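These numbers were taken from a predicted model, which means no experiment stands behind them. Both counts, for ligands and for their atoms, begin at 1 and track the order of listing. Atom set for the values below is all heavy atoms of this structure, side chains included, hydrogens, waters and symmetry mates excluded.
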Amino acid sequence: MFETKDRQTGGFFIDIRLVSANTFVMSAVLPTYARIDLRFEKGQGAYLITETGERYLDFGAGIAVNALGHAHPHLVEALTQQAGKLWHTSNLYHIPGQEKLAARLAQNTFADKVFFSNSGAEALECCLKMARKFHAFHNHDERFRFIAFDGAFHGRTLATIAAGGQQKYLEGFGPPLAGFDHVTFGDLEAVKAAITDETAAILIEPIQGEGGIRVAEWRFLRQLRELCDQHDVLLIFDEVQCGVGRTGKLFAHEWSGITPDIMAVAKGIGGGFPLGACLATQKAACGMSAGTHGSTFGGNPLAMAVGNAVLDVVLEDGFLQAVQDKALWLRQRLAEVVDENADIFELIRREGLMLGLKCKIPNTTVVDALLQQKLLTVPAGDNVVRLLPPLIVTEEDMAKACECLHSACKDLRYSETNLIK
Ligand code: PLP
C-alpha cells in the first residue's frame with residue numbers, strides 16, 4: 001500500500017490495487033474514472049463474465065457500444081481475418097474498407113460523404129470544423145457560432161465540452177472554446193431568438209443519452225430543419241449514442257422524417273472497436289478539401305472490417321424490425337415494473353432499446369441495487385437509470401432483467417440504509 005497526496009483536499013488517501021494474492025501496488029492508471037470494483041474477463045451475447053466466473057447481464061452494453069453484444073461470431077470473424085492480413089497503413093494511401101463502408105453509409109442515409117474517426121468526440125470535432133468551413137468557403141467567416149442545448153453531451157475534448165456547455169466538465173480547463181450558445185432542449189422560441197448572422201449551425205442529439213434519455217419531439221426536429229433552411233444555418237445531429245439501430249431505425253432521426261446536413265456517429269458502428277464517423281451531404285462538406293482535416297488512425301483497416309461487419313448484421317432483412325419488436329415487449333414489461341414500484345420509479349423514457357427509468361430515489365442507489373442482482377445499467381443525468389441492452393438481446397434476457405429490477409426494488413424497500421419514505 002502507498003500513501004498518495006490528495007491534491008484536492010490536501011489530505012492523504014490510500015490508493016491500492018491487488019495484483020496478486022498478497023501484493024498491493026499503486027495503480028498507474030490516471031484516476032479520471034470512478035470505477036466499479038469488477039474485472040471482466042470475457043463476454044458472451046448479452047452477458048459479461050468476471051475473472052471469477054460470475055455472470056452479469058449487460059444492459060449498459062459499454063454505454064451503447066456493444067450493439068451486437070459480446071463476441072458476436074460475425075464481428076470476431078471479420079476482425080481476426082483482417083488482423084491476419086493488414087492492420088494499418090495510414091491515410092497516405094487508399095483504404096478499400098473505407099470506400100466500402102462510406103458507400104454503404106451513404107447508400108443508407110442522407111449522406112454523400114463520410115470521414116472516419118476513432119471516437120464520438122472526434123466525429124463531433126469533424127462536424128464542427130466542417131460547419132465552420134462551409135461558411136468560410138462561402139466567404140462568411142463571421143458565421144462561426146453554434147446553437148446547442150442544455151443537458152447535451154458531445155464528448156470530452158476542449159471543443160466538445162464547450163459544445164456540451166456543462167460547467168462540471170468545463171471547470172478548471174481554462175476559457176471554453178468560443179462560439180457556443182445554449183438554449184433549452186425543445187424550446188423552439190429560444191432557438192429562434194438565439195439565431196444571429198453569426199450562427200453556423202444548430203447541434204442537437206435527437207435523443208439525449210447522458211442527459212437522461214430525453215427524446216426530442218420529432219416535430220421539434222422538423223421545426224429546426226425549417227429554421228435552418230430559412231437562415232442558411234446547417235443542422236448537425238449527434239447520433240453517437242442513439243444511432244446504428246438502437247431505436248429500431250438505422251438512425252434515430254429517421255423517425256422524424258427529416259435529415260440533417262451533418263451527423264456524428266460512433267459507439268455502435270464499431271460494436272466495441274473504436275470507430276466514429278462524420279457523415280455529411282456533398283453541399284455541407286464542400287469546404288473539406290485535402291489537408292483541411294485528418295487522423296492517423298481514423299478508418300484503419302481493422303476498424304473498417306468491423307464497421308462493415310456491424311452493418312452486415314444491422315442491415316440484414318428483419319434486424320431493425322426485430323429491435324422494434326423487442327423494444328415494444330420490454331417497454332410493456334418495464335411499465336409493469338414502474339407501476340408496481342411507483343415509490344422508486346417515476347416514469348419511463350424511451351425510444352427503441354434506448355430506455356431510461358426516471359427515479360424518485362437517487363439513481364446511483366438504484367444502479368448499485370441492480371448491480372447486486374448482477375444486472376449492469378448506467379446512470380444518466382436528470383436522475384435516470386439508463387437501460388441500453390445490446391440489440392441482439394433475447395426475450396429471455398429481457399425477462400431476466402425485469403426480474404432483477406423487481407428484486408432490486410424489493411431489496412431497496414427493505415434495506416435499512418435506503419428506507420423509502
Ligand atoms: N456524443 C454523444 C451523444 C455521446 O453519448 C458521447 C459519449 O458518450 C459522445 C458524443 C462522445 O463520444 P466518445 O466518448 O466516443 O468520444
Leu124-ligand 1 polar pair, N/O distance under 3.5 Å: no

Glu210 contact mode with ligand 1 (heavy-atom cut-off under 4.0 Å): side chain

Part of His154 within contact of ligand 1 (heavy atoms, under 4.0 Å): backbone

Per-atom contacts, ligand 1 versus Ser119 - under 4.0 Å to a heavy atom: 15 (O), 16 (O)

Where ligand 1 meets Ala121 - atom numbers and elements under 4.0 angstrom, heavy-atom basis: 11 (C), 12 (O), 13 (P), 16 (O)

Pi-cation contact, Phe144 with Arg132 (under 6.0 Å, within 45°): no

Cationic N near anionic O, under 4.0 Å, Asp382 to Lys358: yes

Aromatic ring proximity Phe237/Phe251, centre distance under 6.0 Å: no

Within reach of ligand 1, part of Ala266 (heavy-atom separation under 4.0 Å): neither

Ring centres under 6.0 angstrom apart (His70, Tyr47): no

Atom 12 (O) of ligand 1: the protein heavy-atom neighbour that sits closest, reported with distance to 0.1 Å: Gly120 CA, 3.3 Å

Those atoms of ligand 1 less than 4.0 Å from some heavy atom in Glu205: 3 (C)

Heavy atom of protein inside 4.0 Å of atom 14 (O) of ligand 1, strictly below: no

Identity and separation of the nearest protein heavy atom to atom 5 (O) of ligand 1: Gln241 NE2, 2.8 Å

Ligand 1 atoms in contact with Asp238 (distance to a heavy atom under 4.0 Å): 1 (N), 2 (C), 3 (C), 10 (C)

Exercise: do Thr292 and Ser289 side chains pair donor with acceptor under 3.5 Å: no

Stepwise side chain to side chain contact (heavy atoms under 4.5 Å, CB included) check, Asn91 with Gln98: CA-CA 10 Å; Asn91 285 301; Gln98 276 192 25; 2.9 Å; yes

NZ/NE/NH1/NH2 to OD/OE distance under 4.0 Å, Glu54 and Lys374: yes

Heavy atom of Lys267, distance to ligand 1 below 4.0 Å: yes

Row check, Trp329 ring normal vs Arg333 NZ/CZ: under 6.0 Å, within 45°: yes

